[in-house]
Novice: 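First the structure, which I've put down as structure tokens, then a few questions once you've had a look.
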Amino acid sequence: MSPSLPPVIENWFAGRGWRLREHQLAMVDAARKGEDVLLVAATGAGKTLAGFLPSIIDLIDSPLEGLHTLYISPLKALAVDVQRNLLTPIEEMDLPIRVETRSGDTPSNRKQRQRSRPPQMLLTTPESLSLLLSYPEAQTMFAGLKTIIVDEIHAFAKEKRGDLLSLALSRLQRLAPEVRRIGLSATISDPDAYRGWLSTDGDIDSVALVRGEPGATPELSILTPQDRVPWAGHSGRYAARQVMDLIEAHDASIIFCNTRSLCELIFQDLWSVNDRQLPIGVHHGSLSIEARRKVEAAMAEGRLRALVATASLDMGLDWGNVDLVAQMGSPKGSSRFLQRVGRANHRLDEASKGMIVPGNRFEYLEARACLDAIADDELDPEIFRPGALDVLAQHVMGVACAGPFDEAELLAEIRTAAPYASLDKETWRKVLELNATGGYALKAYDKYRRLVETGPGKWRISTPKVAARHRLNAGVIVDNVMMDLRFRNGRHIGRVEESFGSTLSIGDAFFFSGMSLEVEGFKDSDILVRASRKEGRIVSYGGQRMSMSTHLARRVRQFLADPTQWRRFPDDVREWLDVQSRRSLLPEPHELLVETFPHEGHHYMCIYSFEGWNAHQSLGMLVTKRMDEAGLKPMSWVANDYALAISSIEPVADPRPLFSPDILEEEFREWVEESHLLRRAFREVAVIGGLVERQHPGQRKTGKQVSFSTDLIYDVLKKYEPSHLLLRAAWDDARARMTELGRLVRLVDRAAETMIHVAAERVTPMAVPLMVNIGREQAPGGSADEALLVAAEEDLVAQAMRLD
């Protein structure tokens with residue numbers, strides 16, 4: 001124990017039989033040097049305490065009233081959990097330090113009091129911090145701020161929430177020039193990139209890097225099915241009985257799913273085989289806060305044996321009794337799987353146990369690639385991009401709500417935020433123009449005049465009402481519009497998307513929160529339900545599907561080309577690859593395999609690029625358009641992370657012309673403009689950028705009203721001002737986020753040089769997973785059809801695996 005620590009801290013550690021770890025001491029040392037610092041340490045290494053320890057020491061040595069430390073987390077639940085854990089040492093050491101949280105759930109009277117009399121430590125989210133900075137009191141509230149702690153920094157930095165937070169950090173730096181910045185994370189592959197993001201001027205050397213002591217190597221495995229690895233599917237539902245056996249064999253388990261729909265489905269599957277009636281729960285972001293808090297508390301107290309969850313539990317919640325994490329389907333990235341496995345144990349010297357339940361044969365290869373990547377310390381690549389302009393426009397309005405500003409001074413401040421370091425003056429003027437007039441095509445409308453120029457380069461809000469409207473609508477998370485689920489007594493259960501809710505009628509049943517709910521009626525945006533014994537549908541949600549990371553895709557390609565690796569695979573996976581190599585071929589990592597074959601009166605083309613579902617969806621739209629122009633009469637396509645299959649009436653004799661690089665020029669632009677992608681992207685940037693308000697005092701627009709408003713503006717701007725700032729922002733989103741353009745470009749660029757075309761006489765083994773999915777997507781629903789689909793799959797497999 002270092003003799004320079006306050007005795008009360010030394011005594012507290014000694015009383016618990018703990019030692020201060022090297023990285024915790026290094027954080028104290030960095031604080032005494034006044035350094036900004038990034039701590040990368042395994043879950044269970046005491047990251048949170050390491051982040052707060054310098055602040056606790058400072059408040060012991062130099063007590064003060066007012067805000068000392070600001071802690072920023074990606075999740076409201078994480079802030080609440082940290083407050084609970086932080087209060088324990090503070091109370092046990094009897095320290096006069098007030099710790100409070102602030103989020104959208106904080107009562108309004110407490111929010112008001114926090115602005116005038118803040119605690120010494122305030123735990124909040126990027127959105128709540130941005131709102132705090134929009135009040136005139138921000139100048140005095142943050143003037144004495146000493147430390148900013150950004151937890152789970154990897155969850156912020158590369159997204160729009162990171163842009164918002166980076167801008168807020170720059171504002172805080174101006175209000176409190178001596179403030180220190182601390183970043184915390186467990187899973188980062190490129191610490192220098194985050195040091196640059198965290199720094200005040202882009203200089204990574206100004207941010208010290210502290211690495212935590214390595215923890216015990218996690219025990220990672222892949223579940224081997226009792227029967228065979230399935231040909232298709234991506235959920236692992238076939239293994240419900242085996243997963244339930246694992247739950248029975250462990251004290252507490254978390255079963256992770258990649259989507260909310262799958263989360264509800266897996267819960268039902270597990271419950272149907274829960275012969276011992278073990279207590280299990282469900283947790284995802286659409287459940288009510290009360291429902292989530294209830295299962296979180298039950299898990300913390302050891303009253304649940306398992307929790308089926310989504311990314312809502314990826315970070316932060318500290319349950320030491322969890323001794324197994326299972327991932328249903330592929331985690332899609334090594335960092336994500338490590339993050340989830342880190343939810344087990346929370347003890348540095350004990351190995352966490354994690355298991356992947358692959359959904360199909362390709363996913364088995366992907367799961368093996370994931371474990372190999374972790375063994376080689378290869379985490380998911382860090383891809384940063386320039387700051388979003390709609391977020392910048394919102395931030396400028398927040399600054400203006402706090403008081404008048406000088407545009408040159410604010411630009412200089414904004415450029416200290418890493419995502420906006422290269423912001424040019426022309427774009428900056430367009431941001432100001434957007435907030436002042438709405439842009440050239442909209443300046444005739446008073447509602448868009450939110451800023452006024454009072455002198456050369458001097459700006460203020462146009463009316464006090466602008467500030468109230470801004471605070472009501474600020475934020476960068478634009479969810480699909482939701483409908484609330486309530487029992488007749490008013491109890492709130494959670495929310496479903498309006499697109500799903502609008503398909504329901506009275507008497508319909510659906511599974512939600514582990515229950516079958518029957519619709520009793522509708523009231524405004526509420527769906528009134530009651531518990532039911534009816535068989536229900538599974539709630540569907542929109543949103544972008546996660547794609548396999550690029551480095552896992554690379555490893556899967558290498559598996560295909562290297563038979564010496566196959567001995568590590570189950571017998572049926574080895575046989576699948578062996579027959580594929582005889583009937584068609586297995587491409588080298590740099591090659592693009594395209595297979596064509598007839599099947600049941602139609603023709604099929606399968607493209608094996610391994611560039612991810614989103615890129616394949618985009619390619620499917622583009623290639624079928626070319627096929628149509630060539631008279632090939634395309635009918636449909638289906639994609640997964642590994643390949644794309646397109647059916648047509650006429651055969652594709654030579655696929656090369658369909659993939660020429662010019663497909664990404666005019667045809668790509670035309671397709672994006674004609675599709676829903678750009679309109680949806682514009683809806684989001686229009687809301688974030690403040691052109692369209694979701695809420696007015698006392699009322700909230702419906703999803704249809706928001707869409708109608710944004711569609712009108714989109715049509716006006718596209719016709720009269722195609723260079724409008726928010727159309728540019730929408731294009732950035734549509735290209736980078738919705739279509740994974742980078743992977744699509746790589747796919748098309750290498751097609752001409754590396755394509756190998758195999759014209760097979762019938763379906764091939766690698767094509768079976770795609771062909772099965774085509775059958776399932778084209779078949780009508782109903783249990784009577786399931787037997788037909790199974791029979792069709794068996795027939796496909798028999799054809800594909802026949803060697804004659």
Side-chain angles (χ1 to χ4, degrees), residues 224-240 269 329 358-366 560 566 569-587 593-608 613 616 620 624 627 632-652 655 757-804:
T224 303
Q226 292 170 333
D227 183 14
R228 64 175 189 176
V229 181
W231 286 90
H234 55 81
S235 63
R237 293 184 63 196
Y238 67 88
D269 289 345
N360 58 56
R361 296 178 181 209
F362 273 123
E363 277 203 351
Y364 181 89
L365 301 182
E366 187 182 340
L560 296 181
W566 299 357
F569 307 156
D571 292 344
D572 49 357
V573 175
R574 284 201 303 272
E575 181 190 20
W576 170 57
L577 296 178
D578 179 59
V579 176
Q580 170 69 23
S581 69
R582 299 187 193 190
R583 291 246 5 258
S584 174
L585 62 80
L586 290 166
L593 171 63
V594 177
E595 294 177 333
T596 55
F597 51 82
H599 182 71
E600 295 184 348
H602 297 134
H603 296 273
Y604 292 85
M605 176 172 64
C606 294
I607 303 108
Y608 303 93
W613 184 86
H616 292 158
T624 51
M627 290 174 67
L632 297 172
K633 302 175 184 176
M635 297 187 300
S636 64
W637 82 86
V638 65
N640 57 27
D641 268 339
Y642 319 98
L644 164 71
I646 303 174
S647 64
S648 61
I649 293 176
E650 301 295 333
V652 176
H757 176 209
V758 174
E761 74 280 3
R762 63 180 186 273
V763 62
T764 65
M766 282 214 312
V768 169
L770 289 160
M771 300 296 288
V772 169
N773 283 341
I774 284 179
R776 291 186 179 275
E777 291 191 4
Q778 292 177 345
S783 58
D785 297 305
E786 187 63 27
L788 296 176
L789 290 170
V790 170
E793 179 179 327
E794 290 174 350
D795 181 60
L796 270 172
V797 170
Q799 290 186 52
M801 299 296 284
R802 206 175 70 235
L803 284 171
D804 61 317

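What you see below is based on every heavy atom in this structure, not just the backbone, and it leaves out hydrogens, waters and symmetry mates. All figures in this text were calculated on a predicted structure; none of them were measured in a lab.
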Novice: So, for V229 and P570, which heavy atoms are closest and what is the spacing to 0.1 Å?
Specialist: CG2-CG, 4.3 Å
Novice: Looking at W613, W231, W576, which one forms a ring pair (Phe, Tyr, Trp, His ring centres under 6.0 Å) with F362?
Specialist: W576
Novice: Using the test side chain to side chain donor-acceptor pair (under 3.5 Å), find all partners of R574 that sit at least two apart in sequence or belong to another chain.
Specialist: D571
Novice: Roughly how far, to the nearest 0.5 Å, is OG1 of T764 from NE2 of H599?
Specialist: 11.5 Å
Novice: Hey, does M766 have a side-chain heavy atom less than 4.5 Å from the side chain of S584?
Specialist: no
Novice: Nearest 0.5 angstrom please: L803 CG to D578 CG, how far?
Specialist: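 Between L803 CG and D578 CG, I get 7.5 Å after rounding to 0.5 Å.
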Novice: List the steps, then state whether side chain to side chain contact (heavy atoms under 4.5 Å, CB included) holds for W637 with M627.
Specialist: CA-CA 12 Å; W637 82 86; M627 290 174 67; over 6 Å; no
Novice: Stepwise, does the side chain to side chain contact (heavy atoms under 4.5 Å, CB included) test hold for L632 with H603?
Specialist: CA-CA 10 Å; L632 297 172; H603 296 273; over 6 Å; no
Novice: Under 4.5 Å between any side-chain heavy atoms of F569 and L577, yes or no?
Specialist: yes
Novice: Who are the ring pair (Phe, Tyr, Trp, His ring centres under 6.0 Å) partners of Y608, not counting sequence neighbours?
Specialist: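 Expected list: none.
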Novice: Under the salt bridge (Lys or Arg N to Asp or Glu O under 4.0 Å) rule, collect the residues that match up with E595, sequence neighbours excluded.
Specialist: none
Novice: In chain order, what residues pass the side chain to side chain donor-acceptor pair (under 3.5 Å) check against H757, with sequence neighbours excluded?
Specialist: T596
Novice: Without swapping roles, check the side chain of H616 against the backbone of N640 for a donor-acceptor pair under 3.5 Å.
Specialist: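 At least one qualifying donor-acceptor pair exists.
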Novice: Which residues pass the salt bridge (Lys or Arg N to Asp or Glu O under 4.0 Å) test with D795, sequence neighbours left out?
Specialist: none
Novice: Is there a donor-acceptor pair closer than 3.5 Å between any side-chain N or O of R583 and the backbone N or O of M801?
Specialist: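 Answer holds: no.
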Novice: List the atom of A767, the atom of C606, and the distance in Å for their closest heavy-atom pair.
Specialist: CB-SG, 3.9 Å
Novice: For L770 and Y642, run side chain to side chain contact (heavy atoms under 4.5 Å, CB included): C-alpha distance rounded to whole Å, both residues' side-chain angles, the deciding distance at 0.1 Å, then the answer.
Specialist: CA-CA 9 Å; L770 289 160; Y642 319 98; over 6 Å; no
Novice: Look only at the side chain of R361 and the backbone of D572, and say whether a donor-acceptor pair between them is shorter than 3.5 Å.
Specialist: yes
Novice: In Å, rounded to the nearest 0.5 Å, how long is the span from CD1 of I607 to CD1 of I646?
Specialist: 4.5 Å
Novice: Identify the two heavy atoms, one from L796 and one from M771, that lie closest to each other, and give their separation to 0.1 Å.
Specialist: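 Shortest heavy-atom separation between L796 and M771 comes out as CD1-CB, 3.7 Å.
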Novice: Rounded to the nearest 0.5 Å, how far does CG of L365 lie from CH2 of W566?
Specialist: 10.0 Å
Novice: Output, in order, the C-alpha distance, side-chain angles, deciding distance and verdict of side chain to side chain contact (heavy atoms under 4.5 Å, CB included) for H602 and K633.
Specialist: CA-CA 10 Å; H602 297 134; K633 302 175 184 176; over 6 Å; no
Novice: List for me each residue that meets side chain to side chain donor-acceptor pair (under 3.5 Å) alongside R237, sequence neighbours excluded, and say none if there are none.
Specialist: D269
Novice: Would the distance check show the side chain of R762 and the main-chain N or O of Q799 forming a donor-acceptor pair, the cut-off being under 3.5 Å?
Specialist: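 Flag set: sc R762 to bb Q799 pair under 3.5 Å.
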Novice: Looking only at non-hydrogen atoms, find the nearest pair between G359 and E363 and report the distance.
Specialist: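 Heavy atoms only, the tightest pair is N-OE1, 2.7 Å.
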Novice: Can you tell me how far apart CZ (R228) and OH (Y238) are? Round to the nearest 0.5 Å.
Specialist: 11.5 Å
Novice: Donor-acceptor check, side chain of Q580 to backbone of L585, threshold 3.5 angstrom: yes or no?
Specialist: yes
